[in-house]
S.K.: 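Could you have a look at this structure, given as structure tokens, before my questions?
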Amino acid sequence: MTGTPGRTKLRAVPPNRASRHDQPVLHITDLSSPNVDDRPDGTPIDVLLIHYTGMQSGQEAIDRLRDPAARVSSHYVVNEDGTVVRLVDERKRAWHAGISYWRGQSGLNDRSIGIEIVNPGHEWGYRDFPVLQLAAVCDLCLSILSRHPIPPRNVIAHSDVAPDRKQDPGERFDWEGFAQNGVGLWPRGVPDYGTAGAVRDAASLRPVRGALAEIGYQVAPEGPLDPALSTVLRAFQRHWRPEAVNGQADDGTLARLLGVHRLVR
Ligand SMILES: [Zn+2]
């Protein structure tokens, strides 16, 4: 088992609990948000986007997501105690992604469901997600996945689709544990090889850029390590190499990149 020391880990559900997502034990309260409109006709719901709220309290975040002046919303908010608030019906378009890109698509609000997880975030004191909260998010994800054609590779972070603007839900989110429970992708059996061996020249980075683009990131096909590529590498690391978020194409990052790339080919 790899992972950041001290990070709250979600335990894998035993395979004999196969019916887990049939009857999720979720406590959902409906509070509507006015920040909503219709999805474009004929667009599938095929992306699940995970956020943190990045505000000092959950109540403050919910108030903002329901404030017409803020013009932001999400489908769900998951509190630190594991209770869930539904702000927007899944059939409607919530306003959570902003300028965004994944796998050739932009404007991901059209086709995604957004979950906001209460956490102060990097700006206000980023802290571990309580295990009760993670378990509720995982159950919520499983129930959403049972309703929509969302492939595992499209269960992603806000930072994956907007790496230059966003860091959420960040490197403390247990993507590995979620994948073990059937939510998203994780390359099994790839230990952290550490931060040595970073490559920076254009020739060495060509396959790195190619793999990042095939996974889904917006990245130029050619060039040495520049700020734009470092930003995308940081997003990749927050999701798939949380042991060190350094924007470098180092040994540990390249091994996980190869592992994720294999899963999407
Ligand atoms: Zn976000």
S.K.: Using the rule that two of Ile, Leu, Val, Met, Phe, Trp, Tyr join whenever any of their side-chain heavy atoms come within less than 4.5 Å, decide whether L49 and I113 are in one cluster.
M.R.: yes
S.K.: For the residue pair N109 and A97, what are the closest heavy atoms and their distance?
M.R.: OD1-N, 2.8 Å
S.K.: Do D192 side-chain atoms and G194 backbone N/O form a donor-acceptor pair below 3.5 Å?
M.R.: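 Pair found, side chain donor or acceptor close to backbone of G194.
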S.K.: Using a 3.5 Å distance criterion without hydrogens, assess whether the side chain of D174 forms a donor-acceptor pair with backbone atoms of G177.
M.R.: yes
S.K.: Side-chain donor-acceptor pair under 3.5 Å between H158 and E116, yes or no?
M.R.: no
S.K.: Determine whether V183 and L142 make a side-chain contact, defined as any pair of heavy atoms from C-beta on separated by less than 4.5 Å.
M.R.: yes
S.K.: Evaluate the ring planes of H96 and H51, with Trp represented by its six-membered ring, and classify them as parallel (under 30°), tilted (30 to 60°) or perpendicular (over 60°).
M.R.: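 H96 vs H51 ring planes: perpendicular.
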S.K.: Regarding R127 and E80, does a basic nitrogen lie under 4.0 Å from an acidic carboxylate oxygen?
M.R.: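 Salt bridge between R127 and E80, a charged N being under 4.0 Å from a carboxylate O: yes.
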S.K.: Treating S74 as the side-chain partner and Y76 as the backbone partner, does any N or O pair qualify as donor plus acceptor under 3.5 Å?
M.R.: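 Between the backbone of Y76 and the side chain of S74 there is a qualifying donor-acceptor contact (under 3.5 Å).
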S.K.: Are any side-chain N or O atoms of D168 and backbone N or O atoms of G170, one a donor and one an acceptor, separated by less than 3.5 Å?
M.R.: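 Looks like no, no N/O pair under 3.5 Å.
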S.K.: Report yes if some heavy atom in the side chain of V155 is under 4.5 Å from a heavy atom in the side chain of L185; otherwise report no.
M.R.: no
S.K.: Which pair of non-hydrogen atoms, one from P163 and one from T231, has the smallest distance, and what is that distance?
M.R.: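 In terms of heavy atoms, the two residues are closest at O-CG2, 3.1 Å.
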S.K.: Are side-chain heavy atoms of V199 and D250 found at a separation under 4.5 Å?
M.R.: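 Counting from C-beta outward, V199 and D250 never come under 4.5 Å.
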S.K.: Quiz question: by atom type and distance under 3.5 Å, do the side chains of Y193 and E243 form a donor-acceptor pair?
M.R.: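 The answer is no; no qualifying pair exists.
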S.K.: Within the side chain of E176, is there an N or O that forms a donor-acceptor pair under 3.5 Å with the backbone of W186?
M.R.: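 Pair absent, no side-chain N/O of E176 close to backbone of W186.
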S.K.: What verdict does the side-chain hydrogen bond (donor to acceptor under 3.5 Å, both in side chains) test give for E171 and H239, after you've listed the backbone C-alpha separation in whole Å, the side-chain angles of each residue and the deciding distance to 0.1 Å?
M.R.: CA-CA 6 Å; E171 60 279 7; H239 190 147; over 6 Å; no
S.K.: If we ignore angles and hydrogens, is there a donor and acceptor under 3.5 Å between the side chains of D81 and Q133?
M.R.: no
S.K.: Quick one, I150 with V47, criterion side chain to side chain contact (heavy atoms under 4.5 Å, CB included). Give me CA distance, side-chain angles, the key distance, then yes/no.
M.R.: CA-CA 6 Å; I150 302 173; V47 173; 5.7 Å; no
S.K.: Of R147, R153, R111, R103, which is the lone residue that meets salt bridge (charged side-chain N to carboxylate O under 4.0 Å, His left out) with D46?
M.R.: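 Considering R147, R153, R111, R103, a salt bridge (charged side-chain N to carboxylate O under 4.0 Å, His left out) with D46 is found only for R111.
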S.K.: If you take all heavy atoms of N35 and P68, which pair is closest and at what distance?
M.R.: OD1-CA, 3.5 Å
S.K.: Under 3.5 Å, is there a donor-acceptor pair between the side chain of R39 and the main chain of S112?
M.R.: yes
S.K.: Between S100 (side chain) and L108 (backbone), is there a donor-acceptor pair under 3.5 Å?
M.R.: yes
S.K.: I need the L87 CG to H75 NE2 distance, nearest 0.5 Å.
M.R.: 9.5 Å
S.K.: Treat each ILVMFWY residue as a node, draw an edge where side-chain heavy atoms are under 4.5 Å apart, and state whether V161 and F236 are in one component.
M.R.: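 Same cluster: V161 reaches F236 through Ile, Leu, Val, Met, Phe, Trp or Tyr contacts under 4.5 Å.
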S.K.: Run the side chain to side chain contact (heavy atoms under 4.5 Å, CB included) test on W102 and D160 for me, step by step, so that the C-alpha distance in whole Å, both residues' side-chain angles and the decisive distance to 0.1 Å come before the verdict.
M.R.: CA-CA 8 Å; W102 190 249; D160 290 320; 3.8 Å; yes
S.K.: Within a strict 4.5 Å, meaning less than it, do heavy atoms of the R234 and N246 side chains meet?
M.R.: no
S.K.: Evaluate side chain to side chain contact (heavy atoms under 4.5 Å, CB included) for N181 paired with C138, printing each intermediate quantity in order.
M.R.: CA-CA 8 Å; N181 284 282; C138 192; 3.7 Å; yes
S.K.: Is there a side-chain contact between I115 and V77, using heavy atoms and a 4.5 Å cut-off?
M.R.: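 No, side chains not in contact.
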S.K.: I'd like to know if the side chain of R238 and the backbone of L233 have a donor-acceptor N/O pair within less than 3.5 Å.
M.R.: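 Side chain of R238 to backbone of L233, a donor-acceptor pair under 3.5 Å: no, none is there.
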S.K.: Hey, does P224 have a side-chain heavy atom less than 4.5 Å from the side chain of D201?
M.R.: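 Side-chain contact under 4.5 Å: no.
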S.K.: Applying side chain to side chain contact (heavy atoms under 4.5 Å, CB included), name anything that partners A70, two or more places apart in sequence or on another chain.
M.R.: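 Counting only residues at least two positions away or on another chain, A70 forms a side chain to side chain contact (heavy atoms under 4.5 Å, CB included) with R64, D67, V72.
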S.K.: Could you tell me which residues satisfy salt bridge (Lys or Arg N to Asp or Glu O under 4.0 Å) with D41, sequence neighbours excluded, listed by chain and number?
M.R.: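 By the salt bridge (Lys or Arg N to Asp or Glu O under 4.0 Å) rule, D41 matches no residue at all.
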S.K.: Ignoring hydrogens, what is the shortest heavy-atom contact between Y101 and Q218? Give both atom names and the distance.
M.R.: CD2-CB, 3.3 Å
S.K.: Hey, any chance L134 and L132 share a hydrophobic cluster, counting ILVMFWY side chains that come within less than 4.5 Å of each other, even indirectly?
M.R.: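 No.
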S.K.: If we ignore hydrogens and angles and just use 3.5 Å, is the side chain of S230 paired with the main-chain N or O of G247 as donor and acceptor?
M.R.: yes
S.K.: Mind checking the CG-CG spacing from L205 to L212? Nearest 0.5 Å is all I need.
M.R.: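 These two atoms lie 9.5 Å from each other.
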S.K.: Give the ring-plane orientation class for Y126 versus F129, where under 30° counts as parallel, over 60° as perpendicular and anything between as tilted.
M.R.: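 The rings of Y126 and F129 stand perpendicular, inter-plane angle above 60°.
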S.K.: Checking side-chain polar atoms at under 3.5 Å, does R241 have a donor or acceptor matched by the opposite partner on T253?
M.R.: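 Their side chains do contain a donor-acceptor pair, which is all the 3.5 Å distance test asks for.
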S.K.: What are the two closest non-hydrogen atoms of A136 and V78, and how far apart are they?
M.R.: CB-CG1, 4.1 Å
S.K.: Heavy atoms only: give me the nearest A157-P169 pair and the separation to one decimal.
M.R.: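 That closest heavy-atom pairing would be CB-CD, 3.4 Å.
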S.K.: Check R93 with D110, please: is the shortest side-chain N to carboxylate O separation under 4.0 Å?
M.R.: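 Looking at D110 and R93, the cut-off is met.
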S.K.: Can you measure from OG (S32) to NZ (K92) and round to the nearest 0.5 angstrom?
M.R.: 12.0 Å
S.K.: Flag the pair L48 / I156 as yes when at least one side-chain heavy-atom distance between them is below 4.5 Å, and no otherwise.
M.R.: no
S.K.: For I28, is the CD1 atom crowded, meaning more than 12 foreign heavy atoms sit under 6.0 Å from it?
M.R.: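 Yes, because the 6.0 Å sphere around CD1 of I28 holds more than 12 heavy atoms from other groups.
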S.K.: Say whether, by atom type as modelled, one donor and one acceptor occur between the side chain of R256 and the main chain of W240 under 3.5 angstrom.
M.R.: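 Yes, R256 side chain to W240 backbone: donor-acceptor pair under 3.5 Å.
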S.K.: Mind checking the OG1-CG spacing from T195 to D251? Nearest 0.5 Å is all I need.
M.R.: 8.5 Å
S.K.: Transitively linked via ILVMFWY side-chain contacts under 4.5 Å: V264 with L145?
M.R.: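 Result: yes, single cluster for both.
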S.K.: Output yes when R206 and E222 qualify as a salt bridge under the 4.0 Å nitrogen-oxygen rule, no when they do not.
M.R.: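 A salt bridge links R206 with E222.
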S.K.: Please verify the inter-ring angle class for F178 with F173; under 30° counts as parallel, over 60° as perpendicular, anything in between as tilted.
M.R.: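 Tilted, since the angle between the ring planes falls between 30° and 60°.
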S.K.: Could you check if a side-chain atom of L31 sits within less than 4.5 angstrom of a side-chain atom of R86, using non-hydrogen atoms only?
M.R.: no
S.K.: Quick one about D37 and W95 (side-chain donor to acceptor, distance below 3.5 Å, no hydrogens or angles considered), yes or no?
M.R.: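 Per modelled atom types, W95 and D37 side chains form a pair under 3.5 Å.
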S.K.: Would you give the length of the straight line joining atom CZ of R66 to atom OG of S33, rounded to the nearest 0.5 angstrom?
M.R.: 7.5 Å
S.K.: Starting from the C-alpha separation in whole Å, work towards a yes-or-no answer on side chain to side chain contact (heavy atoms under 4.5 Å, CB included) for H27 and V84.
M.R.: CA-CA 6 Å; H27 303 278; V84 179; over 6 Å; no
S.K.: Between Y52 and M55, is there a shared hydrophobic cluster once you connect ILVMFWY residues whose side-chain heavy atoms come closer than 4.5 Å?
M.R.: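 Y52 and M55: separate clusters.
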